[in-house]
Amino acid sequence: MTATLLRTAADLHARARTGRRAVVMTMGALHEGHATLIRAARKIAGPDGEVVVTVFVNPLQFGAGEDLDRYPRTLDADVELAGKSGADAVFAPSVDEVYPGGEPQVRISAGPMGERLEGTSRPGHFDGMLTVVAKLLHLTRPDVALYGQKDAQQLALIRRMVRDLNFGVEIVGVPTVREEDGLALSSRNRYLSPAERRTALALSQALFAGRDRHAAQEALHARAHEVPASRARAEALSAIGESRAAADAHAVATTAGGPAAIRAAARLVLDEAARLDPPLRLDYLALVDPSDFTEIGDGFTGEAVLAVAARVGATRLIDNIPLTFGTFGDAS
């Protein structure tokens, strides 16, 4: 399948439109993670719908000293990959097309959620991101827009903007795509030297360590939940040789653990990576509620996100995994 390259909104609006339009927004330098988004969009749009991929390196979301000038621009390869993955069109507007007359005077504010984690590290980033997403939603006029879960805070903010400002579009999150060694796919991975890439693996390894700790705690809580505290029950368990296992499960589940233990398991991996050559320089490690990106505490139940950001050499990388906390009272 060959994707049509469009440079102006007028050209995009002139296309005959039937069925649903699904849009995948990117900054280019497409890789398998983007291809996964495009394939998901193709499935949602169906054979009678249309998939549009946007390619636009948005200057508003790059701060001073960030990599705007060196951000990879590979439009010919992007158009080819988009077409092979199922896109009908690639919309690659110029800066003047998106921001006629210069930077916009009126912008979207990300609010308090946009000031946490990535917002703390990159002031103004989310205001710029939401502004361009809002403009591209208006320019492309989709029925549904798809975004990767690797940028979890971005996805949460887009969902909030669409809900709070009554955008008539469905937002779909697509799971993170990883390389065989666990590193999350990113256009910035190409900046890493072989040695830096080995160090960068600590991001996903830390998340997996936290995930494993979480799984163990959930299993222990489930086991403890099954064991009543009555003496009669303990004696009955003892008679069939289960009392020691039950007691061990209850003891571990009720000792120090919870979110703090999950963070500690992940932090241990990151601390070790800080001693490598080249070292990993941690920006943040957080276990948050995805509804507002505040840290969760003991007793939390529901969906959470374990997120990390760090620099290796001159390259800044982010990653996260979702975790589900159970309903076993103490919920860790």
Side-chain angles (χ1 to χ4, degrees), residues 1-62 68 71-100 104 108 128-151 154-155 158-159 161-162 167-177 185-187 190:
M1 186 171 182
T2 301
T4 301
L5 176 62
L6 305 171
R7 291 290 196 170
T8 69
D11 290 339
L12 179 59
H13 297 164
R15 290 174 63 86
R17 183 169 175 176
T18 60
R20 302 183 81 195
R21 174 177 284 176
V23 165
V24 175
M25 295 185 186
T26 82
M27 292 206 299
L30 303 189
H31 50 63
E32 180 57 28
H34 298 108
T36 298
L37 284 166
I38 297 167
R39 288 192 290 267
R42 180 78 271 161
K43 185 175 181 180
I44 289 173
D48 297 326
E50 181 182 44
V51 175
V52 176
V53 176
T54 70
V55 174
F56 181 67
V57 181
N58 177 34
L60 295 191
Q61 65 194 71
F62 288 80
L68 173 61
Y71 195 88
R73 291 161 171 83
T74 57
L75 184 58
D76 290 343
D78 293 343
V79 173
E80 181 178 0
L81 185 148
K84 288 181 178 178
S85 302
D88 298 289
V90 172
F91 177 48
S94 66
V95 172
D96 288 339
E97 177 74 12
V98 177
Y99 301 121
I108 300 291
M129 180 276 294
L130 289 179
T131 298
V132 79
V133 167
K135 288 184 69 73
L136 288 172
L137 287 175
H138 289 313
L139 290 171
T140 60
R141 303 172 183 173
D143 299 289
V144 57
L146 296 88
Y147 302 89
Q149 291 178 357
K150 187 179 83 70
D151 297 297
Q154 170 180 282
L155 175 59
I158 291 171
R159 282 177 165 153
M161 177 184 73
V162 166
F167 281 67
V169 60
E170 177 187 358
I171 302 299
V172 173
V174 178
T176 300
V177 178
L185 286 176
S186 169
S187 300
R190 67 186 68 196

ask   = Who passes salt bridge (charged side-chain N to carboxylate O under 4.0 Å, His left out) against Asp88, sequence neighbours left out?
value =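 If we apply the salt bridge (charged side-chain N to carboxylate O under 4.0 Å, His left out) test to Asp88, skipping adjacent residues, the hits are Arg42.
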Measuring from [X]:[atom1] to [Y]:[atom2], what's the distance to the nearest 0.5 Å?
| X | Y | atom1 | atom2 | answer |
| --- | --- | --- | --- | --- |
| Thr8 | Leu12 | OG1 | CG | 8.0 Å |
| Arg159 | Gln154 | CZ | CD | 11.5 Å |
| Leu5 | Leu75 | CG | CG | 5.5 Å |

query = For residues 23-36, which residue pairs qualify under salt bridge (charged side-chain N to carboxylate O under 4.0 Å, His left out), counting only residues two or more places apart or in two chains?
reply =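 Counting only pairs at least two positions apart or across chains, the salt bridge (charged side-chain N to carboxylate O under 4.0 Å, His left out) contacts touching residues 23-36 are Glu32-Arg39.
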request  = Output, in order, the C-alpha distance, side-chain angles, deciding distance and verdict of side-chain contact (heavy atoms from CB on, under 4.5 Å) for Gln149 and Val174.
outcome  = CA-CA 6 Å; Gln149 291 178 357; Val174 178; 5.8 Å; no
Which atom names give the shortest non-hydrogen contact between [X] and [Y], and what distance separates them?
| X | Y | answer |
| --- | --- | --- |
| Ala87 | Ile38 | N-CG2, 3.7 Å |
| Tyr71 | Met27 | CE2-O, 3.4 Å |
| Thr74 | Ala29 | OG1-CA, 3.3 Å |

query = Between His34 (side chain) and His31 (backbone), is there a donor-acceptor pair under 3.5 Å?
reply =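 Yes; at least one donor-acceptor contact below 3.5 Å.
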task = Using modelled atom types only, decide if a donor and an acceptor are shared between the side chain of Glu97 and the backbone of Ala9 within a distance under 3.5 Å.
result =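 Yes; judged by distance alone, with no hydrogens or angles, the pair exists.
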task = Check step by step if side-chain contact (heavy atoms from CB on, under 4.5 Å) holds for Lys135 and Phe56.
result = CA-CA 12 Å; Lys135 288 184 69 73; Phe56 181 67; over 6 Å; no
Distance-only check: which donor-acceptor pairs under 3.5 Å involve side-chain atoms of residues 79-86, not counting sequence neighbours?
unit_1	atom_1	unit_2	atom_2	d
Glu80	OE2	Lys84	NZ	3.0
Ser85	OG	Leu81	O	2.8

With the side chain counted from C-beta on, respond yes when [X] and [Y] share a heavy-atom pair under 4.5 Å apart, and no when they do not.
| X | Y | result |
| --- | --- | --- |
| Leu6 | Arg15 | yes |
| Asp78 | Val90 | no |
| Gln61 | Leu130 | no |
| Val24 | Thr54 | no |
| Leu37 | Met25 | no |
| Pro93 | Arg7 | no |

Pair Arg20-Glu170, salt bridge (Lys or Arg N to Asp or Glu O under 4.0 Å): steps then yes or no = CA-CA 11 Å; Arg20 302 183 81 195; Glu170 177 187 358; 3.1 Å; yes
query = Can you check side-chain contact (heavy atoms from CB on, under 4.5 Å) on Glu50 and Thr18, steps first, answer last?
reply = CA-CA 8 Å; Glu50 181 182 44; Thr18 60; over 6 Å; no
For a quick test of your reading: what N or O donor-acceptor pairs under 3.5 Å do the side chains of residues 138-148 make, sequence neighbours left out?
unit_1	atom_1	unit_2	atom_2	d
Thr140	OG1	Leu136	O	2.6
Asp143	OD2	Arg17	NH2	3.3
Asp143	OD2	Arg21	N	2.7

task = Please assess Asn58 against Tyr99 for the test side chain to side chain donor-acceptor pair (under 3.5 Å), listing each intermediate value before the final yes or no.
result = CA-CA 10 Å; Asn58 177 34; Tyr99 301 121; 2.6 Å; yes
ask   = Does anything in residues 72-93 pair up under ring pair (Phe, Tyr, Trp, His ring centres under 6.0 Å), and if so which pairs, sequence neighbours excluded?
value =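 Residue pairs passing ring pair (Phe, Tyr, Trp, His ring centres under 6.0 Å), neighbours aside: none found.
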For Arg73, side-chain hydrogen bond (donor to acceptor under 3.5 Å, both in side chains) partners two or more places apart =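 In terms of side-chain hydrogen bond (donor to acceptor under 3.5 Å, both in side chains), with neighbours along the sequence ignored, Arg73 is linked to no residue.
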query = Do Val132 and Leu60 pass the side-chain contact (heavy atoms from CB on, under 4.5 Å) test, and can you show the C-alpha distance, the side-chain angles, and the key distance before you say yes or no?
reply = CA-CA 8 Å; Val132 79; Leu60 295 191; 5.8 Å; no
